[in-house]
K.L.:
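Sharing a structure here in structure tokens format.
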Amino acid sequence: MLLLDANLSGRRIGRVLRTSGHDVLALSEEIMLEGLDDTDVLALATTEGRILITRNSRDFAPILREWAEAGRQHAGCVLVLGFDHGEFDAIVRGIDALLRQCPSQEGWEDLVLALSRTGRRGSQAPRG
């Protein structure tokens, strides 16, 4: 289960991921969720057990760090880095590859991965 942040196209990315069999909620397609604060986006993803996928590492990296330091759990996060906004296919391929490497939703708990052109980087938030 995935949650695409508002900065990722539900039409161009979400639809392809859905076609591949993934359960995707895209904020860009949900008028009721428009303008949701970043902390609330992570809380929504956590409540629904969805891996958050976002291009907004500048705001989400500190939020994820705060949550880790506070011992708050989340359902996982992929920070999409260094892709142009029109590189939909490359982003989808990268997300799909990460999901194949870790197919279990439980395996994503508190996992933060960076998807970039140069490969993926990741870290598991420390348990306090």
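Keep in mind the model is a prediction, meaning the values are calculated, not measured. FYI, side chains are in, hydrogens and waters are out, and symmetry mates aren't considered; it's all heavy atoms of this structure. We're numbering straight along the sequence, starting at 1.
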K.L.:
Side chains of Asp5 and Val41: does their closest heavy-atom pair fall under 4.5 Å?
P.N.:
yes

K.L.:
Less than 4.5 Å apart, any side-chain heavy atom of Leu115 and any of Leu81?
P.N.:
no

K.L.:
Between His74 and Val112, is any pair of side-chain heavy atoms under 4.5 Å apart?
P.N.:
yes

K.L.:
Quick one: CG on Leu42 to CG on Asp59, what's the gap to the nearest 0.5 Å?
P.N.:
12.0 Å

K.L.:
Rounded at 0.5 Å granularity, tell me how far CD1 in Ile13 sits from CG in Leu2.
P.N.:
11.5 Å

K.L.:
Under a 3.5 Å distance rule, please check whether Arg100 uses its side chain to pair with a backbone N or O of Ile95 as donor and acceptor.
P.N.:
no

K.L.:
Does Leu113 form a side-chain contact (heavy atoms from CB on, under 4.5 Å) with Leu79? I'd like the steps, not just the answer.
P.N.:
CA-CA 6 Å; Leu113 296 177; Leu79 303 172; over 6 Å; no

K.L.:
With the side chain counted from C-beta on, respond yes when Leu27 and Leu4 share a heavy-atom pair under 4.5 Å apart, and no when they do not.
P.N.:
no

K.L.:
Would you mind reporting whether Asn56 and Val80 have side-chain heavy atoms less than 4.5 Å apart?
P.N.:
no

K.L.:
For the side chain of His22 and the backbone of Val24, is there at least one donor-acceptor N/O pair under 3.5 Å apart?
P.N.:
no

K.L.:
Thr46 and Gln73: side-chain contact (heavy atoms from CB on, under 4.5 Å), yes or no, with the steps?
P.N.:
CA-CA 8 Å; Thr46 300; Gln73 295 181 318; 5.8 Å; no

K.L.:
Which atoms form the tightest heavy-atom contact between Gly49 and Ala75, and what is the distance?
P.N.:
C-CB, 3.7 Å

K.L.:
SG/Cys102 to CG/Leu111 distance, rounded to the nearest 0.5 angstrom?
P.N.:
6.0 Å

K.L.:
Can any side-chain N or O of Gln105 pair as donor or acceptor with the backbone N or O of Met1 at less than 3.5 Å?
P.N.:
yes

K.L.:
Compare all side-chain heavy atoms of Leu3 with those of Ile53 and state whether any distance is below 4.5 angstrom.
P.N.:
no

K.L.:
Just by modelled atom types, is the Gly82 backbone N or O under 3.5 Å from a matching donor or acceptor in the Ser116 side chain?
P.N.:
no

K.L.:
Just verifying a value: how many Å separate Leu44 CG and Glu30 CD, rounded to the nearest 0.5 Å?
P.N.:
9.5 Å

K.L.:
Distance from Glu109 atom CD to Ser104 atom OG, nearest 0.5 Å?
P.N.:
10.0 Å

K.L.:
Do NZ/NE/NH1/NH2 and the carboxylate oxygens of Glu29 and Arg18 come within less than 4.0 Å?
P.N.:
yes

K.L.:
Do Asp38 side-chain atoms and Phe60 backbone N/O form a donor-acceptor pair below 3.5 Å?
P.N.:
no

K.L.:
Test Arg12 against Val92 for side-chain contact (heavy atoms from CB on, under 4.5 Å), laying out the working first.
P.N.:
CA-CA 9 Å; Arg12 299 290 303 269; Val92 167; over 6 Å; no

K.L.:
Could you go through Phe88 and Val16, starting from their C-alpha distance and side-chain angles, then the distance that decides it, and tell me whether this counts as side-chain contact (heavy atoms from CB on, under 4.5 Å)?
P.N.:
CA-CA 9 Å; Phe88 303 115; Val16 176; over 6 Å; no

K.L.:
With the side chain counted from C-beta on, respond yes when Arg50 and Asp23 share a heavy-atom pair under 4.5 Å apart, and no when they do not.
P.N.:
yes

K.L.:
Quick one: does any side-chain atom of Asp84 pair with a main-chain N or O of Glu87 as donor and acceptor, under 3.5 Å?
P.N.:
no

K.L.:
Locate the shortest heavy-atom distance separating Ala6 from Ser28; write the atom from each residue and the value.
P.N.:
O-CB, 4.1 Å

K.L.:
Can you tell me how far the CG atom of Asp89 sits from the CG atom of Asp96, to the nearest 0.5 Å?
P.N.:
12.0 Å

K.L.:
Hey, are the side chains of Leu52 and Trp108 touching, using non-hydrogen atoms and a 4.5 Å cut-off?
P.N.:
no

